[in-house]
Amino acid sequence: MRLIANRIRARRRAAKRGRRCGHGIEMLETRRLLAGIELISIDTTGDSAGSGFPVLAENPAISATGRHVAFQSAATDLVAGLVDTNGENDVFVRDRLLDVTIPISLAAGLGLRTASGRSMDPSISESGRYVAFSSSADDLISAPLIIDAPINVYVHDRDTDSDGVFDEPGATETRLLSLGASGLGDGDGIFGGPSGGDPFGYGVATSRPRIAGNGKQAAFASFADNFAAGITDANFTTDVFRVGTRGGASPVMISDDFTGTLSGGNGSPLPASHSPDISLSGSVVAFVSEANNLVKDAEVGTEEDIYVHNFTTGTTTLVSRNFAATDGGDADSDDPDLSADGRYVVWESASTDLTAPGVNTNGFAFDVFRASASGGMVELISVNGLGKTGSGASEDPSISDTGRFVAFESLASDLITDPDQLAAGVVDGNGVADIYARDTLFGTTALVSINAIGTASGIGSTPGIFGASINPVISGNGRYVVFESFAEDLAAGLTVAGRNLYVRDLTAGVTRSSRPISAEVTRETTAPMKRPSASSRR
């Protein structure tokens, strides 16, 4: 039963995964949360891409300043001249400054032609130079490396000559990261050896690569058992690994037991570790695990918990501890996201005992939490104005560089506490998932998936969906939130249908479609932030 439950939850994860791994300076400008929304998944004419595709773009990742947005899409009209005949998702990057979409998952040596298989789960470095992703294609790189596993992990370097100009012909390269210990090709593994992927066909713990902000390291999960030297990988399930992105190195296991000799285990029959995130320097990795032998004071349950491994100290910490600090939470925790310095981690959890008694009022519905990556008190992020959990489930958190701002998805309708939005009478009345951003410094939460006129949550006409917005990712500077949405009224002057990709500027007060952003939009500042009055922020 637990395996079936994991498969179901993994399907949900696979449908909405995507994460920022680019880190930069926290945005410290005066914030204006009643800002515009920009469509990212645009075709070559500047309108909604895809002509008939129900899912036009998904799994976004965003660079530190918000200039570069990586995503996956099955649409064939995103790039002029692109030969896209694989009928699968491919990986793209939208450069919002240059107003151009760049294909990333291209077949080696064939120009503007997509690779032979499905490419997905993009993650982007802070500058936008490096994009890590997973793919079933076997022609992303040239021989002599052997590509025979169902899914592998790659990194694409958009500037191999390091001159600061991305995507120049002859100055890009795609490298295989899921390299077996033999150095000849991909991990051989068990169940046919996918480096990532799922032998059962349910998308359980897919590879989900995450690249460090500096682009030098990446983390991913894999079934393969021929990666880590010196550690016996005998748990017959996924483990979490870190690998250098320069090429030629074998991945190092992170989810080993506290003795450093065995893959994590002792929990459920298949104690999987998966869903990593990685800090700017690559020295800190957060991940999910069912194993209960990863730390000396082993947690006794079989629920999924959040762990953080620090390579500098060589320690692994259980972060999702209950309020009494006696064990992990009483239900599964999932989907961790790290701040740039690895100081904070946010995650989603169905646990009812992570915070003080009386705070949880929605039972075992998922909520969003934040804690120090070194352990300690757990803070509720999806909190309403009464200091309780929201009226509905909250999931998919994404944290800014300093850990101050957290974006997340929620079914709750009682989370708005931002003074400007309260004063304007903004309501969440669409009855489906929406995107929120919480400022942990001032303890306020604002609706992000707001309609173009700034009065309410977005709506749509798709039967059974009616405007749901999901899978948010916040930029490292805390200024932009990119998310997927079925809503049709988020950006003025556009004709959209199905699931599209949008960027919300939490500072500027304009709504753009496909126009280039100005240099001012990407500017960072280290000036101290002062809380403006409600009138001055309008």
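Residue numbers run from 1 in the order of the sequence given.
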### Residues that His309 engages under ring pair (Phe, Tyr, Trp, His ring centres under 6.0 Å), provided they are two or more places apart
Phe311
## Note on the structure
Only residue of Val481, Val482, Asp434, Val406 satisfying side chain to side chain contact (heavy atoms under 4.5 Å, CB included) with Pro472 is Val481
### Task
State whether Asp337 and Arg210 are salt-bridged, where the test is any N-O pair (Lys NZ or Arg NE/NH1/NH2 against Asp/Glu carboxylate O) under 4.0 Å.
no
### Task
Check whether the side chains of Arg499 and Ser41 place a donor and an acceptor atom closer than 3.5 Å, and report yes or no.
no
### Query
Would you say Arg404's side chain and Leu441's backbone share a donor-acceptor pair under 3.5 angstrom?
no
### Query
Taking it one step at a time, do Val131 and Ile211 satisfy side chain to side chain contact (heavy atoms under 4.5 Å, CB included)?
CA-CA 7 Å; Val131 180; Ile211 196 165; over 6 Å; no
### Donor-acceptor contact below 3.5 Å, side chain Arg208 vs main chain Ser275
yes
### Task
Start with the C-alpha gap between Ile141 and Tyr154, add the side-chain angles, then the distance that decides, and say whether side chain to side chain contact (heavy atoms under 4.5 Å, CB included) holds.
CA-CA 9 Å; Ile141 60 175; Tyr154 298 86; 4.3 Å; yes
### Message
Between Tyr502 and Asn500, does the side chain to side chain contact (heavy atoms under 4.5 Å, CB included) criterion hold? Intermediate values first, please.
### Response
CA-CA 7 Å; Tyr502 297 87; Asn500 286 283; 3.7 Å; yes
### Minimum side-chain heavy-atom gap Ser410-Leu415 below 4.5 Å
yes
### Query
Given Ile102 and Arg158, is the side chain to side chain contact (heavy atoms under 4.5 Å, CB included) satisfied, shown in steps?
CA-CA 10 Å; Ile102 301 99; Arg158 302 171 61 196; 3.7 Å; yes
### Query
Is the side chain of Asp139 donor-acceptor paired with the backbone N or O of Ser116 at a distance under 3.5 Å, no angle test?
yes
### Message
Using 30° and 60° as the class boundaries, would you call the ring planes of Phe166 and His68 parallel, tilted or perpendicular?
### Response
tilted
### Query
Relative to Tyr344, does Arg370 satisfy both conditions: NZ or CZ under 6.0 angstrom from the six-membered ring centre, and within 45 degrees of the ring's axis?
yes
### Task
Look up atom CG in Asp327 and atom CD in Glu303, then write down how far apart they are to the nearest 0.5 Å.
7.5 Å
### Query
Less than 4.5 Å apart, any side-chain heavy atom of Pro276 and any of Ile254?
no
### Query
Can you find a pair of side-chain heavy atoms, one from Pro397 and one from Glu348, that are under 4.5 Å apart?
yes
### Message
As an exercise, state the distance from CZ of Arg96 to CD1 of Ile40, rounded to the nearest 0.5 Å.
### Response
5.5 Å
